[in-house]
Amino acid sequence: SGVGAAAQVRERLPKKSVAVFESRAAKGGTWDLFRYPGVRSDSDMFTFGYTWRPWQSDVALADGPLIREYIDTVAEEYDVDRLIRYQHRITRAAWDSENARWTVTATVGDPGAGETVTLTASFLWSCAGYYRYERGFQPTWPGMADFQGEVVHPQHWPEHLDYNGKRVVVIGSGATAVTLVPAMAPDAEHVTMLQRTPTYVLARARHDPVALLLNRLRMPDRVVYRVARWANILQAVGFYKFSMRWPGRAKAMIRKSVERQLPEGMDVDEHFAPPYNPWEQRLCFVPNNDLFKVLRSGDASVVTDTIETFTPSGLKLRSGTELPADVVVTATGFQMQLPFGGIDFVVDGEPMDLPSKIAYKALMLSDVPNFFFTLGYTNASWTLKADLVIDYVCRLLAHLDQHDLRTAVPVPDPALQRRPLMLLSSGYIQRSAHLLPSEGDRAPWRLEQNYLIDRKVINRARIDDGVLRFT
């Protein structure tokens, strides 16, 4: 998000000066932090890549190193590298209406050292995402201290972890778990995916079939990218709308697809039929059926149960079953960081109460001038939404310059009704929902989580829409 924002502001508004603050020592965010086996995107790269910098491969579900390389290439091509100030964590941002300026304070290097830097800016744009990088969500269970094997969390994967020939239990059922199981199975003695609740899992081809076909026809790269991108967008939007309108049919379709892939005798309803509807939580996509292949080969298995206690040699489950383990991987999810990286916001001397704010087009906050944020889709590729935000912010900045204006602030109608900003029931969202702003009950205070509609609401509507106030 940050690399894309900086690249396009520099490209489209070359007279603007830009500084990028990165709290870590390297760019790439999630794709630099996560180093567990098999780490990859579960969104297709034709929509997960930037629309203005095509993904030049027919690989749809790319692994982490490929995505890092893509981000590095974009940063180099658009001269973003020199704008990044590493190990700069913003702790405070204060808006002053009289001067139309943000004053930003950041720690530099080790926060304990006490070194800080202060800058002023006309605009502030948060591209920090919502995962807390310092630590993932790590439940505790009785007996963990007695376990004689190793316990690791995927977010902090030990560089030299040896699981070759060992019995591995992966706790979890989300995207990380379904990635780890087939990645570890070839080297481990056996991998067990232990889940409390199943997740909807769908297989898709690692290489995009549309891109493969067009490449065989020797179509130009720009044509391949645009056609493959729109094919993936329409497929994703269509399936999401289908699932929302006919959840029972969507469940049945997913169940039938999974049942064909499972080994004979495996209970599809016990292990792959969640108690919620599709898209109430994110679906998991596995490339080339890799999860189902290791289940069929016997190298991996799925157990749906709850943990009663760790034992010295493994885990004892509520059902009485004991799972032997040498390595336990707690793929139990992430923690959401405090919104916008935990920055303390002050507006004209008053601390900002974030939960009292309403999101405008899911990219600005009510009554907060000259502040933008990037929050990607939860039901599609993150970058689809990030690119919409980039386009809007660049249009808004150009509008201000054109009309010799300094500030823009969204002001809500008092009759606006509130609803949650993020509707997924996933644990990592529900644990932090009380910290987030709301959205409204109608546009432009509400988005439909539908790229085709949001393009109109965000990028086709007038900047001066009667909601934004300018000075």
Side-chain angles (χ1 to χ4, degrees), residues 1-2 5 21 90-98 100-105 121-132 335-378 382 385-386 388-390 392-393 396-397 400 406-424 428-449 454 457-458 461 463-471:
S1 300
F21 280 24
I90 298 176
T91 56
R92 187 175 189 272
W95 171 259
D96 175 41
S97 292
E98 183 177 350
R101 287 286 187 278
W102 286 99
T103 299
V104 176
T105 303
S122 300
F123 304 93
L124 187 61
W125 189 347
S126 173
C127 298
Y130 50 60
Y131 291 145
R132 187 173 181 178
Q335 287 193 16
M336 288 184 73
Q337 64 177 342
L338 292 173
F340 314 128
I343 299 170
D344 290 328
F345 286 92
V346 177
V347 177
D348 291 328
E350 296 293 328
M352 186 175 77
D353 177 28
L354 185 59
S356 72
K357 300 302 178 184
I358 306 175
Y360 169 80
K361 300 192 177 190
L363 57 82
M364 296 181 76
L365 295 176
S366 59
D367 302 314
V368 181
N370 291 19
F371 175 72
F372 315 110
F373 64 93
T374 296
L375 184 66
Y377 285 126
T378 55
W382 175 279
K385 173 67 182 311
L388 292 181
V389 176
I390 288 171
Y392 181 83
V393 171
L396 175 55
L397 296 181
L400 295 177
R406 296 197 300 169
T407 70
V409 57
V411 179
D413 182 338
L416 197 66
Q417 299 295 309
R418 293 173 175 267
R419 51 178 251 161
L421 179 63
M422 301 178 74
L423 296 176
L424 291 184
Y428 68 92
I429 291 177
Q430 295 305 312
R431 287 191 293 269
S432 302
H434 63 289
L435 303 172
L436 301 175
S438 304
E439 71 170 10
D441 59 350
R442 57 189 180 272
W445 299 97
R446 174 185 174 184
L447 291 184
E448 296 295 330
Q449 294 292 312
D454 294 346
V457 174
I458 296 178
I463 292 293
D464 188 358
D465 61 356
V467 176
L468 285 181
R469 306 287 173 84
F470 302 99
T471 60

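This structure is a prediction, so every number in the text was calculated from the model and none was measured. If you read the sequence from its start, that first residue is 1, and numbering goes on from there.
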Search all heavy atoms of Ser356 against all heavy atoms of Asp353 and return the closest pair with its distance. OG-O, 2.6 Å
Please check this pair: side chain of Asp367 against backbone of Pro412, looking for a donor-acceptor N/O pair closer than 3.5 Å. no
Ignoring hydrogens, what is the shortest heavy-atom contact between Leu447 and Lys361? Give both atom names and the distance. CD1-O, 3.4 Å
Assert yes or no for the condition that the ring centre distance of Tyr377 to Trp382 is strictly below 6.0 Å. no
Which heavy atom of Pro410 sits nearest a heavy atom of Leu468, and at what distance? N-CD2, 3.6 Å
Are side-chain heavy atoms of Asp413 and Trp445 found at a separation under 4.5 Å? no
Separation of Arg419 CZ from Ile358 CD1 (nearest 0.5 Å): 12.5 Å
Within the side chain of Asp441, is there an N or O that forms a donor-acceptor pair under 3.5 Å with the backbone of Arg418? no
Residues in side chain to side chain donor-acceptor pair (under 3.5 Å) with Trp125, at least two apart? Thr374
Walk me through whether Phe345 and Leu365 qualify under side chain to side chain contact (heavy atoms under 4.5 Å, CB included). CA-CA 12 Å; Phe345 286 92; Leu365 295 176; over 6 Å; no
Restricting to non-hydrogen atoms, name the atom on Trp95 and the atom on Pro369 that form the minimum distance, rounded to 0.1 Å. NE1-CG, 3.4 Å
Just how far is it from atom CG of Leu416 to atom CZ of Arg446, taken to the nearest 0.5 Å? 11.0 Å
Partner residues of Arg469 under the side chain to side chain contact (heavy atoms under 4.5 Å, CB included) criterion, sequence neighbours left out: Val409, Val411
Interatomic distance, Asp344 atom CG to Ile90 atom CD1 [nearest 0.5 angstrom]: 12.0 Å
Between CZ of Phe371 and CE of Met352, what distance do you get to the nearest 0.5 Å? 6.0 Å
Determine, stepwise, if the pair Asn370 / Arg406 fulfils side chain to side chain contact (heavy atoms under 4.5 Å, CB included). CA-CA 9 Å; Asn370 291 19; Arg406 296 197 300 169; 5.8 Å; no
Given side chains that start at C-beta, do those of Ile463 and Leu400 come closer than 4.5 Å, heavy atoms only? no
In Å and rounded to the nearest 0.5 Å, what is the CG to CZ distance from Leu363 to Phe373? 6.5 Å
Any idea which heavy atoms bring Asp465 and Pro444 closest together, and the distance? OD2-CG, 4.1 Å
Quick one, Tyr392 with Val457, criterion side chain to side chain contact (heavy atoms under 4.5 Å, CB included). Give me CA distance, side-chain angles, the key distance, then yes/no. CA-CA 10 Å; Tyr392 181 83; Val457 174; over 6 Å; no
Nearest heavy-atom approach of Ile458 to Lys385 is CD1-CE, 4.0 Å
Angle between ring planes, Phe372 versus Phe123, binned at 30° and 60°: parallel, tilted or perpendicular? parallel
State which residues pass salt bridge (charged side-chain N to carboxylate O under 4.0 Å, His left out) with Arg101; sequence neighbours excluded, sorted by chain then number. none
Under a 4.5 Å cut-off applied to non-hydrogen side-chain atoms, are Glu98 and Asp348 in contact? no
Using modelled atom types and a 3.5 Å cut-off, is there a donor and acceptor pairing between side-chain atoms of Ser1 and backbone atoms of Cys127? no
